[in-house]
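Keep in mind it's a predicted model, so treat the numbers as computed, not measured. Numbered from 1 within each chain, the chains take letters A, B, ... in sequence-line order. All values below were derived from every heavy atom in this structure, side-chain atoms included, with hydrogens, water molecules and symmetry-related copies excluded.
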Amino acid sequence: MSGYYHDVGSKRYRFESLKTLMACATPERSGDQLAGIAAPDSETRAAAQLALAEVPLSRFLEEMLVPYEDDEITRLIIDGHDPAAFARVAHLSVGEFRNYLLSHEVDSEVLAALSPGLTPEMVAAVAKIMRLQDLVLVGRKCRVVTAFRNTIGLEGRLSTRLQPNHPTDHPTGIAASILDGLLYGNGDAVIGINPATDNTGAVVTLLKMLDDIIHHYEIPAQSCVLTHVTTAIEAIKRGAPTDLVFQSIAGTQGANQGFGIDLALLQEGQDAALSLGRGTVGNNVMYFETGQGSALSAGAHHDVDQQTLEARAYAVARRFNPLLVNTVVGFIGPEYLFNGKQIMRAGLEDHLCGKLLGVPMGCDVCYTNHAEADQDDMDVLLTLLGAAGCNYVMGIPGSDDIMLNYQTTSFHDALYVREVLGLRAAPEFETWLETMAITDRHGRIIVDQSLPAPFAHALTRAH
Amino acid sequence: MTDRSPDPMKTDATSVVTTNPWRQLSEYTDARIGLGRAGGSLPTAPHLAFQLAHAQARDAVHLPLDTEQMMEALESRFESVVRLHSRAGDRGEYLRRPDLGRQLNERSLEQLESMNVEQCDVSIAVVDGLSARAIHEHAATLLDHLVPEFEARGWSVGPVSLVEQGRVAIGDPVGEALGARMGLVLIGERPGLSSPDSLGVYFTWGPTPGRCDSERNCISNVRPRGQSFDAAAKLILYLLDEASRREVSGVELKDDSEVDSELGDGSQGNFLLPKDQASTPE
């Protein structure tokens, strides 16, 4: 087979390769336009989607979008592919695969068994011909459950990362945001700080601080300092109490080089964290962040569209059995996702693609001040992700990250989406919240003027 | 622990909002803590305050660089200052085309060439980035902390560039044209809701087009209410000293300097832990 086409009336739309077809079939976004690979007009895009729907899934095992010889991520995907798991969908085209995923017969068990047989390119392709409601409905069927000191991703649960960032890592500032988050019922996914510097000594200090807090209040949750994997490894060597090792990852070898990592280094990071044996109910020790556009930003995109490359990052993630993976969907800026509409769609695509590949997807529902987006857009995406069964979102005081200078979901936002959709915190954390009299049996916040005793004591120390 | 329920009598107009006693902690952080709640949601006052802050941050992105004021400030400090422009024509193009913001336009390249600088130890590019305000308010102050230290080390500083519509990587062609061993970029970071004036500093050993992000070191959030000028300058000097010794930058140049920040040993001010229960530093 050489080239792909679709006829619209007397006009034949040709696409010379699978990667061209995939790029042209991608719903409009600024990053693909920046890369010069987007469909030039709407009809071309629709024709590409029709042509893509006809492509057999097995084709993705034959025609590589990023060359096997040049890229260790492609080799990871192809060498790790499970033909037995793939067998039940091997005869389907992309369009038929969409119908299959939507059918009542396909449930979370079927999808879990199928996952090792799917490649990122296959799931990216089907996402391109899905509407938002498809992304939500199929996403909701997938269930990827992980555990460390609590259990994340169970049905009917929505966890949050408590993100107590402070521009100078001031202990009082960090502690104040942690207190705020806990008393608003947040933090079950992780209490995770983006440190102001990559300084190893500072990272060690922050890790100890978080560990002491978790132990003092007996919080069934884990901590993380989001620093480069090499810094985390060094911190572990220095004896820092490290629950999770973090790293930003991308979908090509070149983009990962831009992050200063490769698969071997990630393995080293995972081994270092596992050697500490700190998990109590599970041993998922990695935390990854991703985002559409990172490969293009590093000039390592091989003319492949950003949504497909993002899905390839999940192939990297699943190799290391992470506790948490989230796309930081609106963080990277308007040159990749221009406005609220593009951010919303990307967030739901990323969630679905990650889940289909067996990755415990959360989402940083966010935007920057130079993007055409606002709180209303984030409300829509948050609500749809809640409906789609997203594992976790961020929680930050008043939506304002004073360290990273962007807006993400607030502690209050998590309460909103839990209330509207009947979602609850991770079971171990939920029990803790009730025991501490932070929430009632229905998960509603009951903290008023008189704080739960341990926190009331803490507050007296602040003055 | 007791299972306390909200008092059903507290439903008059003023008390449907539950305030938070830890609101007072906001004197220690700009984070929007202790906002209170209406049900579980944000009360009206903090909700609308957020909307105002967002409107201001949006406007800050589009504030143009005051090149006259900045040229004056730089010329009063340096012998040689040059005004450059990226290939991004205006703010709209700048936002959509980061690739153009990383390159100098033809005229700027010619300007640099005509200066006939064969080599220097440090090239300095002052770049508007996403916040001209950060440059207006903080670039000169930070340079005042740095340049005497450069001179004390006997380092030659190349002509200082003021660049419009530039991204971080614009320091690469600037540094290359000046034959710089080390490239420093002072750039306006994207405005946050509480920090429309945040300055970022990026350091690259051997600046030349094609360097990737892992080859740079970044010091972020330099502003009076963020990373102080003193602390930032110390860190930058540490990095440059180390780089001079080891001839690398970025991931390979770990920041292993002795912690000299507000973090301290992590216990000072951490009210969540009783004094005797905080870890003692090693």
Side-chain angles (χ1 to χ4, degrees), chain A residues 30 34 166-173 175-180 196-202 205-206 208-209 212-213 216 228 230-231 258-260 298 334-335 368-370 374 397-400 402-403 405 407 412 415-416 419 435-437 440 444-446 448-449 451-452 458-459 461-462, chain B residues 1-6 18 21-22 25 28-35 37 40-42 46 50 54 57-58 61 95-98 130 189-195 198 212-214 221 226-227 250-251 254-259 261-263 265-273 277-279:
Chain A
S30 50
L34 173 64
H166 187 274
T168 59
D169 292 337
H170 194 289
T172 312
S177 287
I178 292 176
L179 174 82
D180 198 48
T197 72
D198 237 5
N199 180 293
T200 315
T205 303
L206 289 170
K208 282 183 182 165
M209 180 179 165
D212 288 340
I213 290 169
H216 182 71
H228 194 267
T230 51
T231 309
F259 287 137
E335 58 270 38
T368 60
N369 286 316
H370 59 313
D374 59 20
S399 289
D400 177 8
I402 58 170
M403 154 74 195
N405 295 338
Q407 285 87 250
H412 294 76
L415 299 180
Y416 146 76
E419 178 163 340
T435 309
M436 297 296 284
D440 64 16
R444 288 192 167 166
I445 298 290
I446 51 172
D448 53 26
Q449 296 310 305
L451 302 186
L459 204 53
R461 284 192 293 267
Chain B
M1 297 292 158
T2 52
D3 190 358
R4 287 173 292 121
S5 308
T18 304
W22 63 92
L25 294 173
Y28 301 106
T29 177
D30 285 340
R32 291 167 194 253
I33 57 164
L35 298 180
R37 58 189 175 86
S41 297
L42 209 54
F50 179 100
H54 183 231
R58 297 277 294 143
V61 169
L95 290 177
R96 279 183 176 272
R97 294 289 305 270
L130 282 165
E189 299 186 315
R190 60 190 188 192
L193 289 192
S194 312
S195 53
S198 184
C212 56
D213 291 345
S214 60
N221 259 309
Q227 177 114 275
V251 174
K254 281 256 153 286
D255 171 18
D256 280 334
S257 60
E258 288 302 306
V259 180
S261 72
E262 292 189 336
L263 176 60
D265 66 11
S267 62
Q268 196 64 36
N270 177 11
F271 59 87
L272 284 177
L273 294 174
Q277 264 185 266
S279 291

(request) Report, as yes or no, whether the 6.0 Å neighbourhood of atom CZ on B/R58 holds more than 12 heavy atoms from other residues, nucleotides or ligands. (result) yes

(request) Pick one of side chain, backbone, both or neither for A/H166, based on which atoms fall under 4.5 Å of a heavy atom in chain B. (result) side chain

(request) With a 4.5 angstrom heavy-atom cut-off, could you sort out which part of A/A176 is near chain B: side chain, backbone, both or neither? (result) both

(request) Specify the closest pair of heavy atoms between B/C212 and A/G258, including all atoms of both residues, with the distance to one decimal. (result) SG-CA, 4.2 Å

(request) Name the member of A/N405, A/T368, A/I178, A/L459 that forms the most heavy-atom pairs with chain B at distances under 4.5 Å. (result) A/N405

(request) Under 4.5 Å, counting heavy-atom pairs only, tell me which of B/P98, B/S41, B/G226, B/A57 racks up the most with chain A. (result) B/P98

(message) Can you tell me which portion of A/L415 sits under 4.5 Å from chain B's heavy atoms? Options are side chain, backbone, both or neither.
(response) side chain

(message) Using side chain to side chain contact (heavy atoms under 4.5 Å, CB included), reason through A/T172 and B/T29 one step at a time and then give a plain yes or no.
(response) CA-CA 8 Å; A/T172 312; B/T29 177; over 6 Å; no

(request) Report the option among B/L95, B/L35, B/V251, B/L193 that has the most heavy-atom pairs separated by less than 4.5 Å from atoms of chain A. (result) B/L193

(request) Working to the nearest 0.5 Å, report the span between CG of B/D30 and CE of A/M403. (result) 14.0 Å

(message) Need one label for B/L272: side chain, backbone, both or neither, based on atoms under 4.5 Å from any heavy atom in chain A.
(response) both

(request) State the CE-CG distance between A/M209 and B/L273, to the nearest 0.5 angstrom. (result) 7.5 Å

(message) Using side chain to side chain contact (heavy atoms under 4.5 Å, CB included), reason through B/R190 and A/N369 one step at a time and then give a plain yes or no.
(response) CA-CA 7 Å; B/R190 60 190 188 192; A/N369 286 316; over 6 Å; no

(message) Pair B/I33, A/S177 - check side chain to side chain contact (heavy atoms under 4.5 Å, CB included), show working.
(response) CA-CA 6 Å; B/I33 57 164; A/S177 287; 3.9 Å; yes

(request) Can you tell which part of B/S198 gets under 4.5 Å to a heavy atom of chain A, answering side chain, backbone, both or neither? (result) side chain

(message) Closer than 3.5 angstrom, by distance alone: can the side chain of B/N270 be matched with the main-chain N or O of A/A175 as a donor-acceptor pair?
(response) no

(request) To the nearest 0.5 angstrom, please state how far the CZ atom of B/R37 sits from the CG atom of A/D448. (result) 7.0 Å

(request) Would you check if A/L34 and B/R96 make a side-chain contact, meaning some heavy-atom pair closer than 4.5 Å? (result) no

(request) Pick one of side chain, backbone, both or neither for B/P21, based on which atoms fall under 4.5 Å of a heavy atom in chain A. (result) both

(message) With heavy-atom distances below 4.5 Å as the criterion, would you say the side chains of A/I402 and B/N221 are in contact?
(response) no

(message) For A/R461 versus B/F271, what's the shortest heavy-atom pair and its separation?
(response) NE-O, 2.9 Å

(request) Apply side chain to side chain contact (heavy atoms under 4.5 Å, CB included) to A/T168 and B/L263, showing your working. (result) CA-CA 7 Å; A/T168 59; B/L263 176 60; over 6 Å; no

(message) I need the residue from A/S30, A/A462, A/G260, A/S399 with the largest number of non-hydrogen atom pairs under 4.5 Å to chain B.
(response) A/A462

